[in-house]
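Throughout, numbering of the chain's residues begins at 1 and tracks the sequence. All heavy atoms count here, side chains included; hydrogens, waters and symmetry mates do not.
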Amino acid sequence: MCDVRNEDAVKQTVHAIVERHGRIHALVNNAGGQYISPLDSISAKGFEAVVSTNLTGGFLMARECHNQSMNAHGGVIVNIVADMWGSMPNMGHSGAARAGMVSLTETAALEWASNGVRVNAVAPGYIASSGMDHYPPEAAPMLKQMSKTVPLRRFGTEAETSAAIVFLLSPAANFISGTTLRVDGARPQVRMGWPVGEPDPAAMQRDAVKAFNGFHLATVPKALT
């Protein structure tokens with residue numbers, strides 16, 4: 001276990017990995033978390049806790065993987081952010097941290113390119129995952145309605161998110177750096193005055209848009225049942 005918010009712990013963890021394996025080829029910055037609250041009810045402590053986990057921790061992990069290994073051998077970093085385009089109501093602390101990580105991704109891609117390091121981000125939208133079950137029970141009705149605001153009219157799957165990460169880690173993405181790959185079914189494009197409309201059930205089953213369920217052991221979150 002490593003508390004990514006603790007600078008010394010991060011340094012020691014990365015050092016131990018390099019000592020054991022010789023180098024670090026790739027880093028997926030996936031530590032994160034938040035809680036539902038309007039801005040006027042978020043304490044300074046709560047705000048700092050979310051930013052420390054979702055932004056500072058990711059920075060520390062990326063910096064140490066670069067400084068202790070990737071600056072000499074190259075490597076790939078993928079930062080996991082979120083669908084914060086157009087704001088994150090009731091999760092302003094998380095939206096601020098994720099927006100910061102997008103900017104950090106772009107800066108690191110520029111500064112570390114000369115060392116053969118690629119840095120990108122993946123921004124999942126509404127993904128049906130077990131994480132939904134960590135929100136309070138009263139949030140379940142809201143969660144069930146969220147897919148109606150997605151043009152593809154469904155939740156994404158964990159496998160679809162993972163596939164995007166794997167692509168950015170792979171040699172097929174060797175000329176991609178400094179970008180954020182959204183996995184969100186075009187949700188941020190929804191605009192007032194442009195109706196999402198009721199989906200054509202047949203159209204939603206066409207190969208180009210139907211869900212990719214690559215995890216055979218995946219289960220539907222309890223909040224959505």
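Counting heavy-atom neighbours within 6.0 Å of His15 NE2, excluding the residue itself, gives a total of 12 or less.
Hydrophobic clustering, with ILVMFWY side chains joined whenever heavy atoms are under 4.5 angstrom apart, keeps Met88 apart from Ile127.
Among pairs with a residue in residues 39-64, those fulfilling salt bridge (charged side-chain N to carboxylate O under 4.0 Å, His left out) read Glu7-Arg63, at least two apart in sequence or across chains. Among residue pairs with one or both ends in residues 106-125, those qualifying as side chain to side chain donor-acceptor pair (under 3.5 Å) are His66-Asn115; sequence neighbours excluded. Here side chain to side chain donor-acceptor pair (under 3.5 Å) pairs that include residues 50-59, with residues two or more places apart or in two chains, are Asn54-Arg98.
Closest approach of Pro151 to Gly185, counting heavy atoms only: CD-O, 3.3 Å. Between Leu55 and Gly100, the shortest heavy-atom contact is CD1-C, 3.6 Å.
Residues forming a side chain to side chain contact (heavy atoms under 4.5 Å, CB included) with Met146 (at least two apart in sequence, or on another chain): Tyr126, Met132, Leu143, Phe155. Residues that satisfy the salt bridge (charged side-chain N to carboxylate O under 4.0 Å, His left out) test with Asp133, not counting sequence neighbours, are absent from this structure. For the side chain to side chain contact (heavy atoms under 4.5 Å, CB included) test, residues two or more places apart in sequence or in another chain that qualify with Ala211 are Arg154, Thr157, Glu160, Asn213. Shown here are the side-chain hydrogen bond (donor to acceptor under 3.5 Å, both in side chains) partners of Asp184, two or more places apart in sequence or in another chain: Arg182. Applying the salt bridge (charged side-chain N to carboxylate O under 4.0 Å, His left out) test to Lys210 and every residue at least two apart in sequence or in another chain returns Asp207. Scanning for side-chain hydrogen bond (donor to acceptor under 3.5 Å, both in side chains) contacts around Lys148 gives Gln145, with sequence neighbours left out.
Looking at Trp85 and Arg187, their side chains never come closer than 4.5 Å, going by heavy atoms from C-beta outward. Side-chain contact between Ile36 and Met91 is present, with at least one heavy-atom pair separated by less than 4.5 Å.
A distance of 11.5 Å separates CG in Leu60 from CZ in Arg5, rounded to the nearest 0.5 Å. The distance from the CG atom of Asp83 to the OG1 atom of Thr180 is 11.5 Å, given to the nearest 0.5 Å.
By the 4.5 Å side-chain criterion applied to Ile, Leu, Val, Met, Phe, Trp and Tyr, Phe215 is assigned to no cluster and stands alone. Residue Leu217 is found outside any hydrophobic cluster, as its side-chain heavy atoms come under 4.5 Å of no other Ile, Leu, Val, Met, Phe, Trp or Tyr. Cluster partners of Ile80, using a side-chain heavy-atom cutoff of under 4.5 Å among ILVMFWY residues and allowing indirect links, are Val28, Val76, Val78, Val122, Ile165, Phe167, Leu168, Leu169, Ile176, Leu181, Val183.
Proximity of a side-chain donor or acceptor of His93 to a complementary backbone N or O of Tyr35 within less than 3.5 Å is detected.
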